[in-house]
Amino acid sequence: MDLRERLRLLKAAGAARAAADRAPRAAAPLPFDRARPQTGPAGEPLPFRLCDGLEGELVPTGAGSAFRLESRHPLTEHRGPLPLGWPLDLPAAVWPRLGRVAPEFDIRRAVFLDTETTGLAGGTGTYAFLVGLGFFEGDHFVVRQYFLRDYPEEEAMLAAIEADVAPFTCLVTFNGKSFDWPLLETRFRMARRRPPLAGAPHLDLLHPARRLWRDRLGSCSLQDLERNVLGEYRVGDVPGSQIPALYFEYLRTGDASPLAGVVEHNRLDILSLAALAGRMGQMVADPLGPTPDGELLCGDDLYQLGRLFEARGLLADALACYQEARVRGAASVTEAVLLRRLSFAYKRAREQRQAVAIWEQMVESGGLALFPYIELAKYHEHVTRRYDLAEALTARALAVAEQRRSLTAAGGQAEYREVLHRLERLRRKRQRSSV
């Protein structure tokens with residue numbers, strides 16, 4: 001065979017390979033047949049097994065069938081120190097105090113929600129391929145999970161979720177206000193369906209959790225709170241960063257077995273959400289008393305509860321927590337920081353005498369805290385009209401500011417100038433008053 005003939009054959013082979021690459025490839029077979037009957041007799045759910053560990057049922061909807069898994073947990077089952085049913089026994093007033101929800105928030109009619117998605121960017125290209133719902137039903141806490149077997153089934157999944165949440169009036173999530181619920185609302189709108197629970201009271205536990213534990217724990221992910229607050233440890237859990245890739249691999253190969261761990265991850269998230277609601281609700285309901293396991297809250301937790309109550313305008317509760325935190329000791333903040341919070345809460349509550357007593361005690365004991373000198377000076381300037389005392393205290397504050405400036409460059413110069421300006425203003429005011 002001459003060179004010309006060899007080149008012709010090689011060219012033909014290359015063209016054939018290129019054509020094969022351009023031809024559409026058949027999708028990997030999924031572990032179900034869309035032509036197969038999707039419901040049981042009379043439209044009842046049909047038992048369905050996706051793979052080992054993913055046994056559930058096909059739920060009929062007007063848009064097709066949705067694959068659902070369900071687990072039921074007795075209210076006496078513990079996840080952490082409290083039984084799952086504990087939130088039902090807490091006063092209704094707890095939830096607005098914890099999470100700024102409307103007074104009509106009712107934990108008995110709340111649905112706990114968590115999603116697993118194809119990405120964290122959000123937007124119209126991100127799908128929720130697993131939606132977990134939890135709710136109280138009789139003497140059980142029920143977890144229902146809807147798994148998207150393939151993208152064309154999304155509308156059926158959304159229809160089934162809509163039917164499930166119809167009896168409920170409230171939402172409980174963890175970071176759901178920023179991610180899970182807006183994403184689901186987008187998916188409903190993309191399917192030209194009205195999102196359910198529009199405008200419903202929404203308790204997002206991430207925000208009060210950060211208020212309570214960020215300073216002490218650093219990270220406030222749900223899994224971190226499981227370990228450090230609930231005392232629960234997962235074994236063999238699927239890292240969240242791997243979950244989208246596992247779903248894409250399932251769509252490519254049709255093998256759902258690696259997703260059994262993802263479904264378990266989601267189920268545990270829902271259970272932890274309910275347990276965390278009970279734990280946080282108990283802290284808000286009775287901060288000074290013993291917890292159900294007989295322990296008292298530590299000073300750090302009481303200090304952060306005080307901050308939570310103060311942010312809600314509940315000054316009497318905040319003061320009680322700050323005072324007891326001082327007794328029990330708070331390792332995450334200094335004594336000066338705690339006293340600042342306590343004295344300012346007294347000031348806001350118009351209990352001036354208690355605030356002044358704290359500032360006087362701190363001034364007498366020395367230290368480099370600047371605020372007690374400034375606050376006492378303000379008190380004597382505006383309340384007692386003792387300008388001489390106000391000037392003397394501000395002069396002492398200037399000396400403290402000078403020490404602070406020599407120890408740290410961050411803000412020290414600006415702080416010093418501010419105190420100096422205050423002292424000069426007081427001196428002018430005192431001179432005018434003496435004329």
Side-chain angles (χ1 to χ4, degrees), residues 71 73-101 105-116 132-136 140-143 145 168 170-181 201-234 237 240 264-287 291-293 295 297-298 300-302 304-305 307-309 312:
S71 61
H73 305 266
L75 296 183
T76 54
E77 179 181 322
H78 279 243
R79 184 158 182 79
L82 300 173
L84 289 173
W86 191 264
L88 300 177
D89 296 326
L90 294 173
V94 159
W95 310 113
R97 292 158 65 92
L98 176 64
R100 291 189 187 276
V101 291
F105 181 91
D106 183 357
I107 199 72
R108 296 175 181 274
R109 301 188 64 192
V111 59
F112 296 74
L113 178 137
D114 185 63
T115 65
E116 308 302 333
L133 308 174
F135 52 89
F136 296 103
H140 285 82
F141 183 77
V142 181
V143 178
Q145 297 167 279
F168 300 101
C170 313
L171 274 170
V172 182
T173 64
F174 195 86
N175 197 33
K177 282 187 176 180
S178 299
F179 184 74
D180 300 75
W181 192 242
H202 186 160
L203 176 60
D204 189 335
L205 293 179
L206 173 63
H207 306 296
R210 282 176 173 168
R211 173 81 70 174
L212 292 174
W213 293 301
R214 180 171 53 190
D215 288 351
R216 181 157 64 93
L217 301 180
S219 172
C220 280
S221 71
L222 186 57
Q223 283 72 41
D224 285 323
L225 297 179
E226 277 182 356
R227 292 188 292 270
N228 295 299
V229 176
L230 300 178
E232 292 284 344
Y233 296 84
R234 299 190 189 186
D237 187 42
E264 177 65 4
H265 171 97
N266 179 261
R267 185 184 73 89
L268 292 178
D269 279 355
I270 295 290
L271 292 177
S272 292
L273 196 55
L276 192 63
R279 176 61 170 163
M280 296 171 75
Q282 170 64 28
M283 292 173 66
V284 171
D286 187 15
T291 61
D293 55 2
E295 299 292 329
L297 292 180
C298 66
D300 291 293
D301 283 347
L302 283 173
Q304 300 298 347
L305 268 174
R307 291 184 62 205
L308 178 75
F309 288 140
R312 303 287 188 268

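Every heavy atom of this structure was used, including side-chain atoms; hydrogens, water molecules and symmetry mates were not. Since we're looking at a predicted model, the values are computed, not measured.
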Taking the six-membered ring for Trp, are Phe135 and Phe168 parallel (under 30°), tilted (30 to 60°) or perpendicular (over 60°)?
-> tilted
Look at the rings of Trp95 and Phe105 and say which category their plane angle falls in: under 30° parallel, 30 to 60° tilted, over 60° perpendicular.
-> tilted
Between atom [atom1] of [X] and atom [atom2] of [Y], what is the distance when rounded to the nearest 0.5 Å?
X: Asp237; Y: Leu268; atom1: CG; atom2: CG; value: 7.0 Å
X: Leu84; Y: Leu273; atom1: CG; atom2: CG; value: 11.0 Å
X: Leu98; Y: Leu308; atom1: CG; atom2: CG; value: 6.5 Å
X: Ser178; Y: His207; atom1: OG; atom2: NE2; value: 5.0 Å
X: Thr76; Y: His140; atom1: OG1; atom2: NE2; value: 8.0 Å
X: Asp114; Y: Asp269; atom1: CG; atom2: CG; value: 4.5 Å

Steps toward side-chain contact (heavy atoms from CB on, under 4.5 Å) verdict (Arg216, Asp301) | CA-CA 9 Å; Arg216 181 157 64 93; Asp301 283 347; 2.7 Å; yes
Are any non-hydrogen side-chain atoms of [X] and [Y] less than 4.5 angstrom apart?
X: Leu305; Y: Leu212; answer: yes
X: Leu225; Y: Phe174; answer: yes
X: Leu276; Y: Leu222; answer: yes
X: Leu75; Y: Pro83; answer: no

Would you check, one step at a time, whether the test side-chain hydrogen bond (donor to acceptor under 3.5 Å, both in side chains) holds for Asp180 with Thr173?
-> CA-CA 8 Å; Asp180 300 75; Thr173 64; 6.0 Å; no
Side chain to side chain contact (heavy atoms under 4.5 Å, CB included) test vs Ile107 passes for just one of Leu88, Asp89, Leu90, Val94, namely Leu88
Any pair counted as salt bridge (Lys or Arg N to Asp or Glu O under 4.0 Å), so long as it reaches residues 275-285, sequence neighbours left out = none
Identify the heavy atoms of [X] and [Y] that sit nearest to each other, and give their distance.
X: His202; Y: Lys177; answer: O-CE, 3.1 Å
X: Leu230; Y: Ser272; answer: CD1-O, 4.1 Å
X: Ala92; Y: Pro96; answer: O-CD, 3.3 Å
X: His78; Y: Gly80; answer: ND1-O, 3.6 Å
X: Ala277; Y: Pro87; answer: C-CG, 4.5 Å
X: Ile270; Y: Phe112; answer: CD1-O, 3.7 Å

Excluding sequence neighbours, so at least two apart, what forms salt bridge (charged side-chain N to carboxylate O under 4.0 Å, His left out) with Glu226?
-> Arg79, Arg234
Verdict with reasoning, Leu171 to Val111, per side-chain contact (heavy atoms from CB on, under 4.5 Å) | CA-CA 5 Å; Leu171 274 170; Val111 59; 3.6 Å; yes
For the pair Arg267 and Gln145, evaluate side-chain contact (heavy atoms from CB on, under 4.5 Å) and give the outcome as yes or no after the intermediate values.
-> CA-CA 8 Å; Arg267 185 184 73 89; Gln145 297 167 279; 3.8 Å; yes
Donor + acceptor pair across side chains of Asp215, Gln304 (<3.5 Å) | yes
Start with the C-alpha distance between Thr115 and Trp181, add both sets of side-chain angles, then the distance that settles side-chain contact (heavy atoms from CB on, under 4.5 Å), and finish with yes or no.
-> CA-CA 9 Å; Thr115 65; Trp181 192 242; over 6 Å; no
